[in-house]
There are 2 protein chains.
Amino acid sequence: MRLRYIELFHAVLSTGSLTGAANLLNISQPAASKALQQAENHLGFPLFGRVRGRLQPTQQALLMRHHIDRIMREMYDLQRLSANITRPESHPLRVTCTPTLAQTLVPDVIARLGKVYPDTSVELFTQHSAPMCESLMLRESDIGLTLQDMSHHGLVQQPLCGGNIMVIAPPGWWPDRDLARPLPIAALAGQPMIGITVQDAMGNMLQGHLAKVDPAPRAHVWVQTYQLACSLVARGGGLALVDPFTARCSREPLQMRPLKLQLDVTLRAVYRPDSPLNGVQTRFLDYVRELAQGLLANAGA
Amino acid sequence: MRLRYIELFHAVLSTGSLTGAANLLNISQPAASKALQQAENHLGFPLFGRVRGRLQPTQQALLMRHHIDRIMREMYDLQRLSANITRPESHPLRVTCTPTLAQTLVPDVIARLGKVYPDTSVELFTQHSAPMCESLMLRESDIGLTLQDMSHHGLVQQPLCGGNIMVIAPPGWWPDRDLARPLPIAALAGQPMIGITVQDAMGNMLQGHLAKVDPAPRAHVWVQTYQLACSLVARGGGLALVDPFTARCSREPLQMRPLKLQLDVTLRAVYRPDSPLNGVQTRFLDYVRELAQGLLANAGA
DNA sequence: ACCGCCCACAACCGCCGGTTATGCCCTCTG
DNA sequence: CAGAGGGCATAACCGGCGGTTGTGGGCGGT
């Protein structure tokens with residue numbers, strides 16, 4: 001089975017037509033036609049039925065589809081890896097972090113780092129867990145920052161800072177003297193809340209804890225991002241549970257109190273175990289730790 | 001990245017030399033040399049260092065190795081699948097089962113089936129769980145028989161018959177009148193036993209149950225197969241826990257009693273959900289069920 | 001009925017991937 | 001230390017694979 005055939009097969013199934021596949025592969029339509037016939041000849045069974053002048057995948061072709069897709073994906077990954085493997089030390093700082101951190105902590109860190117290393121170029125990606133792992137493994141980025149546990153063989157994670165889930169509320173919700181006191185989760189019973197449906201480990205954890213509260217909090221609005229929850233809370237939509245970085249960095253007028261759950265959100269750095277971090281990278285992580293601890297200390301106080 | 005290069009890279013890392021790789025790929029050594037240079041040219045960094053006239057993989061090359069190996073494996077799988085996809089109904093009965101079943105139940109089933117379908121050719125493979133899944137998914141075989149749970153997306157499993165773990169002992173170990181009575185697991189405390197280290201779900205389950213017994217059974221000998229355990233038990237080595245098929249079909253002089261654990265070993269048929277089973281195949285499964293139930297009834301009585 | 005889309009076939013051609021022949025370097029050995 | 005041998009690189013050569021353009025036929029929509 002030549003790779004040519006696999007690419008062609010994949011392209012035809014992607015575009016739905018042979019000419020489309022030919023365009024995708026940057027070859028002419030007759031070349032694709034001939035290649036497809038060769039592939040079928042080689043395999044011994046037809047891959048597509050020619051029905052009414054169109055190509056329609058055979059049953060056998062559909063059986064091979066998953067494998068073909070996997071191979072194409074692997075090839076793509078290899079491509080990415082080999083492209084990133086070339087430059088060993090050209091990009092001193094390539095960071096990928098979750099959207100939440102990209103909107104709160106990381107800009108300050110990069111700004112501060114830029115004053116010390118003005119000539120260092122920084123690449124910042126925002127990705128969720130799975131693509132973050134890929135990006136690190138394929139050497140598209142060197143350091144990942146996340147609030148989730150990212151156990152992954154081939155990557156090490158280093159806890160930088162721990163904090164509490166924060167309950168945010170419209171201004172004046174609580175007496176000011178209470179703001180430093182952790183709020184027991186039972187106090188959320190029956191309260192109006194903004195639901196968080198973000199599909200990550202922390203989102204699930206929050207859902208799990210809220211499910212135990214009786215009577216259940218009343219959530220009329222469900223949002224996908226913590227930022228959006230901040231905005232809605234500030235407009236009087238109710239309470240919400242967010243990570244401490246979002247809570248502290250939000251531009252909205254908000255009250256916030258830590259939720260009484262011991263140390264349940266941890267900022268972690270993730271990177272490849274080979275090739276120890278260089279000067280800029282370690283300095284970057286130092287700044288992340290410092291600023292994060294500063295933020296969380298403020299938030300907790 | 002051409003597939004050619006990937007194959008070559010894999011071959012060089014497999015054989016350790018370029019000429020070896022060339023032989024493996026059935027091409028001449030200069031062709032391999034040229035291809036390797038093209039690959040390195042294309043990638044932009046050397047894959048192998050030429051040190052003292054030999055090839056030595058670069059650090060970068062080793063980074064790509066896992067991906068390359070995965071791609072080669074995928075290609076091999078695709079090859080197998082496409083080879084088996086060709087013949088839709090040529091092999092009416094291709095069965096894969098675990099070694100235990102191949103030595104006990106299946107021969108009788110095949111013999112019986114041969115009397116009804118004398119012209120049907122049967123292919124029997126013996127494989128452990130993971131290769132069994134592969135074999136079924138790649139259509140190298142049509143029906144799998146196993147005593148383990150084989151949950152696998154893309155395959156369905158059908159329970160055929162349930163039975164008990166059996167305790168086997170040298171002749172005369174128990175009074176004959178006790179043989180039908182299930183033995184409580186606590187009765188194994190402090191007994192001499194043959195340990196089973198077979199690495200499958202049932203082996204782990206047995207280990208788990210035995211670990212709870214106090215004082216722990218005394219196992220001086222550990223074996224990898226149930227058959228071997230039978231032989232050692234028959235020679236007075238102590239007791240052993242085996243699946244009911246091995247116990248019942250062993251040629252050794254043995255006593256056996258069911259272990260008091262409710263219905264903890266299940267004979268299952270596994271096959272692809274598409275393409276319903278044909279006549280021979282359903283008849284085969286009928287016979288498996290009948291003979292298995294007969295065996296287990298005998299064993300339990 | 002016509003046009004447009006899509007696929008198949010034909011004829012042609014450049015270059016990729018193979019070959020054989022040969023040379024260099026290193027290692028091992030008597 | 002000289003010679004043998006294994007391993008890789010280079011050179012010169014060649015066939016066919018993989019591409020092109022040009023064309024024709026089947027089908028559907030207007």
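Order of the sequence lines sets the chain letters (A, B, ...), proteins ahead of strands, with each chain counted from 1.
- Not a single donor-acceptor pair, N or O on each side, falls under 3.5 Å between the base of dA8(C) and the side chain of Gln37(A).
- Atom CD1 in Ile27(B) sits about 6 Å away from atom P in dT19(C), given to the nearest Å.
- Contact annotation: Ser28(A) side-chain N/O to dT20(D) OP1/OP2 distance is under 4.0 Å.
- Per the geometry, CG belonging to Leu3(B) stands 14 Å off C1' belonging to dG17(C), to the nearest Å.
- Classification of Arg80(B) and Glu134(B) as a salt-bridged pair holds, one side-chain N sitting under 4.0 Å from a carboxylate O.
- Whole-Å rounding puts the Gln29(B) CD to dT10(D) P distance at 11 Å.
- Among the protein residues, Thr19(A) comes within range of the sugar-phosphate backbone only, with heavy atoms under 4.0 Å from sugar or phosphate atoms but none that close to a base.
- At the phosphate of dA9(D), OP1 or OP2 sits under 4.0 Å from a side-chain N or O atom of Ser33(B).
- Atom-to-atom, CG of Leu55(B) to C1' of dC26(C) comes out at 13 Å; the value is rounded to the nearest Å.
- The separation between His42(A) atom NE2 and dG18(D) atom P is 11 Å, rounded to whole Å.
- For the atom pair CG of Leu63(B) and CD1 of Ile68(B), the computed distance is 11.5 Å after rounding to the nearest 0.5 Å.
- Between the CG atom of Asn41(B) and the C1' atom of dC15(C) there is a distance of 16 Å, given to the nearest Å.
- Minimum interatomic distance between Gln157(B) and Val270(B) (heavy atoms only, all atoms of both residues): CB-CG2, 4.1 Å.
- Following rounding to the nearest Å, Lys34(A) (NZ) and dC12(C) (C1') show an atom-to-atom distance of 10 Å.
- Comment: Asp77(A) does not engage Arg70(A) in a salt bridge, judged by the lack of any side-chain N to carboxylate O separation of less than 4.0 angstrom.
- Following rounding to the nearest Å, Phe48(A) (CZ) and dA8(C) (C1') show an atom-to-atom distance of 16 Å.
- Nucleic acid contact class of Gln38(B) (heavy atoms, under 4.0 Å, all strands): sugar-phosphate only.
- Contact check, Arg2(B) against dC16(C): no side-chain N or O comes under 4.0 Å of OP1 or OP2.
- With DNA chain D read from its 5' end, the first of the two nearest nucleotides for Pro30(A) and Tyr5(A) is the one closest to Tyr5(A).
- Between the Thr96(A) side chain and the Gly144(A) main chain, no donor and acceptor come within less than 3.5 Å of each other.
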